[in-house]
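Position 1 is the first residue of the sequence, and the numbers go up from there.
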Amino acid sequence: MSEIGCLSALGSRAYHASPTCCREKSKTNKPFAKQPGFRPVPGSDKRYFEEENDNQARSAMPKPSKWPSILPTFKPDLVAVPLESDIDEAYARTARAERLEQFLTSDQVFHRCACFGIDRNQFDTWSAKFVAAASKNKIERLKPANLLSLLMRGGMETFDDFIVNQFFAYLAKEAPDVVKNTKFLREITDLRFPNEWSPDARKVQRRIIMHVGPTNSGKTHNALQRMRAAKSGIYCSPLRLLAHEVYSRLIADGIPCVLITGEDRRMPDFAELGIEPSGYTVTGRPISKMVSCTVEMAPNVHYHVAVIDEIQMIADRSRGWAWTYALLNLRADEIHLCGEPSAVPLVKRICASLDEEVEVHEYSRLGKLEVSPDSLEGKWSNVQKGDCVVAFSRKDIFDIKASIEEATGLRCAVIYGGLPPETRAEQARLFNDPDSGYDVLVASDAVGMGINLTINRVVFTTLSKWDGNMIRPISVSQTRQIGGRAGRHNSGVDGGQVTTLVASDIQNLDKVMGLQPHQLRVAGLKPPAEVIEVFSRQFPKVPFSQLWSMFRDIANVSDDYFLCNFRDQEAIATSIGHLGLSIKDMYQFIYAPINCRDEIVKDCLVVCATAVARKVECKAASAIRLPRTKPKSRKQLLAFEQWHRAITMYLWLTFHFPETFTQYDEALLLKAQCEDIIKAGLLLSDSPDKPKHPSASFVDKLNAKSGSTSESAEAKSEEPSKYIMELEAKLEALNRFRKMIEVS
């Protein structure tokens with residue numbers, strides 16, 4: 001059956017199978033895989049995206065053209081991609097056909113190939129042969145069955161990068177003379193055997209124990225109890241907030257513990273604890289029994305027990321490399337891995353390559369959790385004490401907070417990713433304290449892990465979110481993790497409930513909460529600094545940002561691993577690539593904990609990198625310049641949130657370039673000052689940039705999504721609603737796709 005002919009077999013859900021939903025076909029003069037956005041803001045001459053939390057600030061976009069008429073045969077509740085459970089081989093086959101077609105006509109792909117000396121005639125000849133071979137299933141890693149994990153994990157942009165990488169693998173085998181020194185380049189970028197990178201860890205007879213189960217099942221608690229009883233131990237956390245919580249608990253129980261995060265180092269006060277250190281370093285510093293750290297910062301020393309939390313993050317497309325590195329490199333007699341059952345097969349395969357066996361302990365949830373058959377019916381007045389209302393943008397969170405407080409009189413705490421960890425912890429404390437006056441929590445997916453909360457009911461305002469490129473359904477894993485926060489064991493709540501704001505989402509929520517996350521198939525990797533340095537010597541005149549992209553295109557990775565997303569690293573390298581930093585220094589900077597979409601952080605980054613390049617001291621006051629006036633609106637508050645991230649970056653740099661960044665204590669004072677201002681800013685009851693009727697605007701948008709109508713919606717029918725503008729690209733793609741199905 002042909003690629004197009006197979007579409008007729010998809011039946012009533014055929015529209016889900018098209019990866020063209022929500023975007024135009026790329027023109028030959030447009031970047032490969034450039035995807036239009038779906039949340040335009042009418043009337044803005046600078047941005048068509050609302051600035052939200054740290055991973056949702058978006059670049060400018062062209063104004064949308066006139067939208068097509070809505071066909072009655074299509075429901076207006078489609079999302080850009082199907083649910084994980086609906087991604088099957090038919091979807092993968094269709095996605096492959098479309099992306100291969102884009103591959104043939106993309107100027108950006110040709111330019112990427114031209115970096116390796118491929119001319120236009122060579123590209124046209126061999127790209128056609130490559131596409132023909134892939135379409136006939138002659139390229140193993142591009143067979144539909146082998147693409148499922150990639151499509152679930154990364155979407156179309158990741159898929160496009162993978163196709164380019166497989167094109168170079170095809171050339172190395174079928175036409176090795178097309179790329180100069182292709183054999184040597186493939187050898188120096190060979191990352192197929194990461195199990196050979198850690199000879200010291202291989203000398204330790206390690207016992208691997210997995211603790212797997214749903215949220216609120218006690219798996220991490222049991223692993224930590226084993227660590228506390230050991231002679232020495234290390235806890236590797238996914239979040240600074242959680243690392244600090246474990247550190248504080250151990251100190252409170254009289255157990256000396258060191259805290260190590262990217263921007264913070266804390267030693268226990270042994271005199272105050274009345275305990276002797278485990279020993280001393282050669283410089284006379286005391287050695288602590290325990291370490292609590294973020295997973296990226298795990299020290300390379302021997303421990304009796306190690307705990308790695310949220311092991312399913314090993315497949316995260318941006319940070320998965322940190323869990324892979326910890327699993328492969330930690331030198332511990334016992335390593336306890338806590339997380340979802342979906343990670344078990346992958347961990348077993350990795351450990352088998354190390355000649356290590358895996359014990360699996362399964363856990364059940366402590367306490368009941370059920371999906372409520374009743375939604376809030378789109379009314380904020382139905383919010384109750386103990387509710388956690390979940391939204392996925394900073395703007396929506398503040399709008400919802402104002403709406404709930406207006407409709408119910410209940411005060412709301414807020415938690416989202418852009419807030420400092422200390423502020424998130426404070427907001428969680430206010431919500432958990434029955435006497436604080438804060439009875440409702442409005443939060444983003446930041447509540448999914450790392451914060452203990454006394455939640456009676458989780459309310460999803462939507463079941464999809466912007467992932468930086470497109471609107472996607474939130475994953476099964478994420479939905480279950482957020483929903484599982486309701487009814488926490490030992491919180492005084494008998495059981496938890498999960499529901500939605502509008503009734504049309506209840507059925508999907510019930511379906512997803514009943515699913516198990518798909519088994520993970522690949523673990524993330526990042527190339528070692530030494531490998532990047534050797535690769536850079538082959539292209540001495542190529543900018544580092546372009547070098548990073550070239551490495552991704554030609555690197556050789558085995559079936560159990562994938563290269564993590566380099567987009568943030570490329571953005572950092574582009575911002576500071578002109579400063580003349582060494583490859584070693586550049587490699588340090590590109591893994592700094594920042595987001596270049598934050599303009600304030602980006603400017604601070606350039607100041608700091610310039611100091612390193614010039615080998616001069618960079619004082620905290622030179623890089624960090626907080627506004628003199630306190631925030632009076634959300635936009636002004638956002639500036640302080642970005643300044644806090646800039647301060648965090650400076651603190652991180654003090655540990656990587658101590659000769660240049662010397663004012664750690666001064667930066668800590670600025671950090672505390674910024675946190676106080678942000679804390680006060682969250683109490684703003686009104687702000688100039690708040691809509692007059694936030695509840696109406698938000699619920700109307702959801703009603704439009706569910707197909708319902710209202711008098712207010714009819715009154716505004718003459719002007720394009722936000723949701724119609726969001727659906728523009730979707731509908732055009734769906735119309736084309738329907739015609740394809742009819743023809744086939």
Do Val498 and Phe460 pass the side-chain contact (heavy atoms from CB on, under 4.5 Å) test, and can you show the C-alpha distance, the side-chain angles, and the key distance before you say yes or no? CA-CA 8 Å; Val498 189; Phe460 285 93; 3.6 Å; yes
So does Asp264 get a backbone contact from the side chain of Thr261, meaning a donor-acceptor N/O pair under 3.5 Å? yes
Taking the side chain as every heavy atom from C-beta outward, state whether Phe193 and Ser558 have any atom pair closer than 4.5 Å. no
Would Glu140 and Gln166 count as having a side-chain donor-acceptor pair, cut-off 3.5 Å? no
Does one side chain, of Asn556 or Thr189, offer a donor that lies under 3.5 Å from an acceptor on the other? no
Centres of the Phe562 and Trp321 rings: under 6.0 Å? no
Set out, in order, the CA-CA distance, both residues' side-chain angles and the distance that settles salt bridge (charged side-chain N to carboxylate O under 4.0 Å, His left out) for Glu263 and Arg240, then state yes or no. CA-CA 9 Å; Glu263 71 285 351; Arg240 288 176 286 162; 2.8 Å; yes
Between the side chain of Arg521 and the main-chain N/O of Leu346, is any donor-acceptor distance below 3.5 Å? no
Heavy-atom distance under 4.5 Å between the side chains of Cys293 and Cys236, does that happen here? yes
Hey, is the main chain of Ile335 close enough, under 3.5 Å, to the side chain of Arg206 for a donor-acceptor pair? no
Show, in sequence, the C-alpha distance, side-chain angles and deciding distance for Met290 and Tyr247, and conclude whether the side-chain contact (heavy atoms from CB on, under 4.5 Å) test is met. CA-CA 9 Å; Met290 298 292 172; Tyr247 160 81; over 6 Å; no
I want to check a possible cation-pi pair here: Lys526 against Tyr325, using under 6.0 Å from ring centre and within 45° of the ring axis as the test. no
Donor-acceptor pair, distance only, cut-off 3.5 Å: does the side chain of Arg317 make one with the backbone of Leu150? no
side-chain hydrogen bond (donor to acceptor under 3.5 Å, both in side chains) evaluation trace for Glu340 with Ser477: CA-CA 8 Å; Glu340 296 177 357; Ser477 173; 2.4 Å; yes
Between Tyr91 and Asp86, is any side-chain donor less than 3.5 angstrom from a side-chain acceptor? no
Check the orientation of Tyr363 and His211. Use parallel for under 30°, tilted for 30 to 60°, and perpendicular for over 60°. tilted
Ion pair Arg192/Asp559, N-O distance below 4.0 Å: no
Euclidean distance, Met313 CE relative to Ser318 OG, rounded to 0.5 Å: 9.0 Å
Could you go step by step and tell me if Asp200 and Arg202 meet the salt bridge (charged side-chain N to carboxylate O under 4.0 Å, His left out) rule? CA-CA 5 Å; Asp200 290 341; Arg202 304 291 76 79; over 6 Å; no
Within the structure provided, determine whether Leu520 and Gln312 are in side-chain contact (heavy-atom separation under 4.5 Å). yes
Is it true that a side-chain atom of Thr215 and a backbone atom of Arg485 form a donor plus acceptor pair closer than 3.5 Å? no
Minimum heavy-atom separation for Ala169 to Arg186, with atom names? CB-NH2, 3.4 Å
Salt bridge check: are Arg319 and Glu296 linked by an N-O gap of less than 4.0 Å? yes
Shortest non-hydrogen separation from Gly448 to Gln481 and the atoms involved: O-CG, 3.0 Å
Donor + acceptor pair across side chains of Asp333, His302 (<3.5 Å): yes
Checking side-chain contact (heavy atoms from CB on, under 4.5 Å) against Ile350, which of Ile208, Ile314, Asn195 comes through? Ile314
Is the ring pair His656/Trp652 parallel, tilted or perpendicular, if the boundaries are 30 and 60 degrees? parallel
Does any donor atom in the side chain of Glu334 or His304 lie under 3.5 Å from an acceptor atom in the other side chain? no
State the CZ-CD distance between Arg424 and Glu422, to the nearest 0.5 angstrom. 8.5 Å
Heavy-atom check, side chain of Ile209 versus side chain of His361, under 4.5 Å: yes
When you measure from the centre of the six-membered ring of Phe655, is the NZ or CZ of Arg265 closer than 6.0 Å and no more than 45° off the axis? yes
If you compare all heavy atoms of Cys257 against all heavy atoms of Pro268, which two are closest, and at what distance to 0.1 Å? O-CD, 3.3 Å
Please confirm whether the ring centroid of Phe589 lies under 6.0 Å from the ring centroid of Phe657. yes
Contact summary for Gly484 and Arg365, nearest pair of heavy atoms: O-NH1, 3.0 Å
Do we see a donor-acceptor contact under 3.5 Å between the side chains of Ser549 and Arg552? yes
Any side-chain heavy-atom pair from Tyr591 and Gln569 closer than 4.5 angstrom? yes
Using side-chain heavy atoms (C-beta onward) and a distance below 4.5 Å, is Ile234 in contact with Val307? no
How long is the straight-line distance from CG of Leu259 back to OG of Ser248, given to the nearest 0.5 Å? 8.0 Å
Side-chain (Ser232) to main-chain (Lys289) donor-acceptor, under 3.5 angstrom: no
Please say whether more than 12 non-hydrogen atoms of neighbouring residues, nucleotides or ligands are located less than 6.0 Å from CD in Glu359. yes
How long is the span from the CG atom in Asp553 to the CD1 atom in Ile163, to the nearest 0.5 Å? 12.0 Å
Looking at every non-hydrogen atom in both residues, tell me the closest pair between Leu509 and Val371 and how far apart they are. CD2-CG1, 4.2 Å
Beyond-backbone contact of Leu191 with Pro528, side-chain heavy atoms, under 4.5 angstrom: yes
Going through the distances and angles, do Phe535 and Trp548 end up as a ring pair (Phe, Tyr, Trp, His ring centres under 6.0 Å)? CA-CA 10 Å; Phe535 184 73; Trp548 207 245; 9.5 Å; no
Could you tell me whether the side chain of Asp253 and the main chain of Ile255 form a donor-acceptor pair under 3.5 Å? no
State whether the side chain of Asn216 and the backbone N or O of Gly487 hold a donor-acceptor pair below 3.5 Å, judged by distance alone. yes
So CZ of Phe544 and OH of Tyr587: to nearest 0.5 Å the spacing works out to 8.0 Å
List the atom of Val522, the atom of Ser149, and the distance in Å for their closest heavy-atom pair. CG2-OG, 3.9 Å
Walk me through whether Asp445 and Lys465 qualify under salt bridge (charged side-chain N to carboxylate O under 4.0 Å, His left out). CA-CA 10 Å; Asp445 49 357; Lys465 64 176 287 190; 2.6 Å; yes
Do side-chain atoms of Asn432 reach the backbone of Ala428 as a donor and acceptor pair under 3.5 angstrom? yes
For the side chain of Arg457 and the backbone of Gly496, is there at least one donor-acceptor N/O pair under 3.5 Å apart? no
How long is the span from the CD atom in Gln478 to the CD1 atom in Ile482, to the nearest 0.5 Å? 4.5 Å
When the ring planes of Phe551 and Phe566 are compared, do they come out parallel, tilted or perpendicular, using 30° and 60° as the limits? tilted
Between Asp309 and Lys219, does a salt bridge (charged side-chain N to carboxylate O under 4.0 Å, His left out) hold up when you go through it step by step? CA-CA 10 Å; Asp309 208 355; Lys219 52 187 183 296; over 6 Å; no
